[in-house]
Undergrad: 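Take a look at this one; I'll ask things after.
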Amino acid sequence: MARIQSVRGMSDILPGETSQWQYLESVVRALLSRYGYQEIRFPILEQTELFKRSIGEVTDIVEKEMYTFADRNGDSLTLRPEGTASCVRACEQNGLLHNQQQRLWYAGPMFRHERPQKGRLRQFHQIGVETFGMAGPDIDAELIALTARLWRELGINEALTLELNSIGTAESRGRYKAALVDYLAGFVDELDEDSQRRLGTNPLRILDSKSPRTQELLKDAPVLKDYLDDAANAHFSGLCARLDQMGIAYRINTRLVRGLDYYGLTVFEWTTEKLGAQGTVCAGGRYDGLVEQLGGRATPAVGFAMGVERLVLLLETLGVMPASAPSADVFIVAVGERAEIAALTLAERIREGAPQLKVQSNCGGGSFKSQFKKADKSGARWALVLGEEELSRGEVAIKPLRDAAAEQQLVAISAVVDQLTGAAAEQ
Ligand code: ATP
Ligand code: MG
């Protein structure tokens, strides 16, 4: 029978890769905790309406990328394409936003029906950070400082550039959109197909176009910056001043817009040239209108999400991933049924007395030779050898596997924990 394959664009993350994910996750987790952020977890499925109302009906995500289906009751549900909308829904529903400030994070899979390629999957993973109840540029600056520190701690800061823009209030974006459409209307035939379509639906996204001709036309187009009001300008210069003060470099990109409708004022992206076309590893911005749009009270909010696959790729590409630790420190070799039973007890005794050591029992029989092969492959520093003869004397042989000069020793079973603990401390 034909083997069943995974769904296209949805990858398995194999044991050889999970240590890299765990490393990244543990660094992020520790850092977020140092900044006082708390984890929140919410479902992977939501009512479709949540994403339509937040991300926007005429965005790429809602128009063509969502996994939407009717469940057995006929309700329209969607696998979350991102976390912000769900996070707002969860906070609002559980009363976390009323007169409170929140600094939150989450991690997990997101789903978008895109064309799979390097750094672009249909199930991908994000670590997202969202803050609520803080209106000034200081929290924007804190979030950016947090990401900048993360890149330094991961050793990838030199490969990343911060791009920054302000897309103003909905009102000024409205005036700018009208001006942009007016200008581009004179060149409709020269625009790429996507941009032609967006002219009538989401003209700001035209600024994002990858078409060289469209980009050429945009050179003389009106600039969003000229349409910002004083409050937006003050917020943006406040943010820039704080970043300058903290020594965080950025590039102002007046064409940076985001593909989701809820953003306003600050938007930013961290990008790299090391990953080819999928170079954005982290993206975010302010979304002061979203809570109200979803039925809550007006609440200032700002956040970002990073793409875990792309970050893992970057860590690999730059060769800054720490070597993964071997799966065992101690490997127990046992031949014969009596020895196999004794091996399990001995393994438990070591796990009890020396919890810092990773202990692997052979399990599954085999000759001394084949068991030693497994011991070697496990990366363990010591093999403990249990044979009939040793057993009848109440002894175990401790054989060093990584140090050619060290000799095998016979030790009483009752002394094994002390012996291993002492040897481990010496190294
Ligand atoms: P892109 O422009 O690359 O499509 P986006 O603007 O759609 O990104 P966001 O919705 O802002 O992305 O998501 C934040 C981050 O999540 C991105 O910067 C990226 O690192 C990651 N990401 C988004 N879509 C995918 C995907 N299909 N596969 C892998 N990672 C993704
Ligand atoms: Mg996208």
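Everything numeric in this text was worked out from a predicted model, so none of it was measured. Both counts, for ligands and for their atoms, begin at 1 and track the order of listing.
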Undergrad: Decide whether an N or O pair under 3.5 Å exists between L121 and ligand 1.
TA: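 Checking ligand 1 against L121, an N or O pair does fall under 3.5 Å apart.
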
Undergrad: I'd like to know whether ligand 1 has E82 as a neighbour, heavy-atom separation below 4.0 Å.
TA: no

Undergrad: Using a strict cut-off of 4.0 Å, indicate which atoms of ligand 1 neighbour a heavy atom of A283.
TA: 11 (O)

Undergrad: With a 4.0 Å cut-off on heavy atoms, is R120 touching ligand 1?
TA: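 Heavy atoms of R120 do come under 4.0 Å of ligand 1.
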
Undergrad: Treating R310 as the side-chain partner and G279 as the backbone partner, does any N or O pair qualify as donor plus acceptor under 3.5 Å?
TA: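 Checked: no pair found.
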
Undergrad: Testing the 3.5 Å rule here: is there a donor-acceptor pair between the side chains of S378 and S327?
TA: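 No pair is found: no donor N or O on one side chain lies under 3.5 Å from an acceptor on the other.
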
Undergrad: Using protein heavy atoms only, decide if any is under 4.0 Å from atom 8 (O) of ligand 1.
TA: no

Undergrad: Closest non-hydrogen protein atom to atom 21 (C) of ligand 1, residue and atom name please, with distance?
TA: G307 CA, 3.7 Å

Undergrad: So, does E309 use its side chain to make a donor-acceptor pair with the main chain of L121 at under 3.5 Å?
TA: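 Between the backbone of L121 and the side chain of E309 there is no qualifying donor-acceptor contact (under 3.5 Å).
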
Undergrad: Does ligand 1 have any atom that is closer than 4.0 Å to a heavy atom of R258?
TA: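 It does; at least one heavy atom falls under 4.0 Å.
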
Undergrad: Taking R173 for its side chain and I167 for its backbone only, find out whether a donor-acceptor pair lies under 3.5 Å.
TA: yes

Undergrad: Please report which non-hydrogen protein atom sits nearest to atom 27 (N) of ligand 1, along with the residue it belongs to and the distance in Å to one decimal place.
TA: E114 OE2, 2.7 Å

Undergrad: What part of D60, side chain from CB on, backbone N/CA/C/O, both or neither, has a heavy atom under 4.0 Å from ligand 1?
TA: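 The answer is neither.
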
Undergrad: Quick one: pull up OH in Y37 and OG1 in T131 and give me the separation to the nearest 0.5 Å.
TA: 6.0 Å

Undergrad: With no hydrogens and no angle check, just 3.5 Å: does a side-chain donor-acceptor pair link S172 and D229?
TA: no

Undergrad: Note the single closest protein heavy atom to atom 23 (C) of ligand 1, along with its residue, its atom name and the distance in Å.
TA: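 Result for atom 23 (C) of ligand 1: F124 CE1, 3.6 Å.
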
Undergrad: Which bit of E269 gets closer than 4.0 Å to ligand 1, counting heavy atoms only: side chain, backbone, both or neither?
TA: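 Within the 4.0 Å criterion, E269 makes no contact with ligand 1.
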
Undergrad: Please confirm whether R310 approaches ligand 1 to less than 4.0 Å, judged on its heavy atoms.
TA: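 Right, R310 reaches ligand 1.
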
Undergrad: With no hydrogens and no angle check, do the side chains of D192 and S209 hold a donor and an acceptor under 3.5 Å apart?
TA: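 Yes - a donor-acceptor pair under 3.5 Å links their side chains.
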
Undergrad: Do T84 and E130 have side-chain atoms, one donor and one acceptor, less than 3.5 Å apart?
TA: yes

Undergrad: I need the nearest protein heavy-atom contact for atom 20 (O) of ligand 1: residue, atom name and distance, please.
TA: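 Nearest protein contact, heavy atoms only, for atom 20 (O) of ligand 1 is T280 O, 2.9 Å.
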
Undergrad: Considering only heavy atoms, does E309 approach ligand 1 within less than 4.0 Å through its side chain, its backbone, both, or neither?
TA: neither

Undergrad: Can you tell me which residue and heavy atom of the protein come closest to atom 10 (O) of ligand 1, and the distance to 0.1 Å?
TA: R112 NH2, 2.7 Å

Undergrad: Treating K358 as the side-chain partner and P326 as the backbone partner, does any N or O pair qualify as donor plus acceptor under 3.5 Å?
TA: yes

Undergrad: Any atoms of ligand 1 less than 4.0 Å from a non-hydrogen atom of Q126? List them with their elements.
TA: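 Here the atoms of ligand 1 in question are 13 (O), 14 (C), 15 (C), 16 (O).
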
Undergrad: Judged by modelled atom types alone, do Q47 and R89 share a side-chain donor-acceptor pair under 3.5 Å?
TA: no

Undergrad: For ligand 1, which atoms, with element, lie under 4.0 Å from some heavy atom of A305?
TA: 14 (C), 15 (C)

Undergrad: With no hydrogens and no angle check, is any side-chain donor or acceptor of Y183 less than 3.5 Å from a backbone partner on L217?
TA: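 Side chain of Y183 to backbone of L217: a pair is present.
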
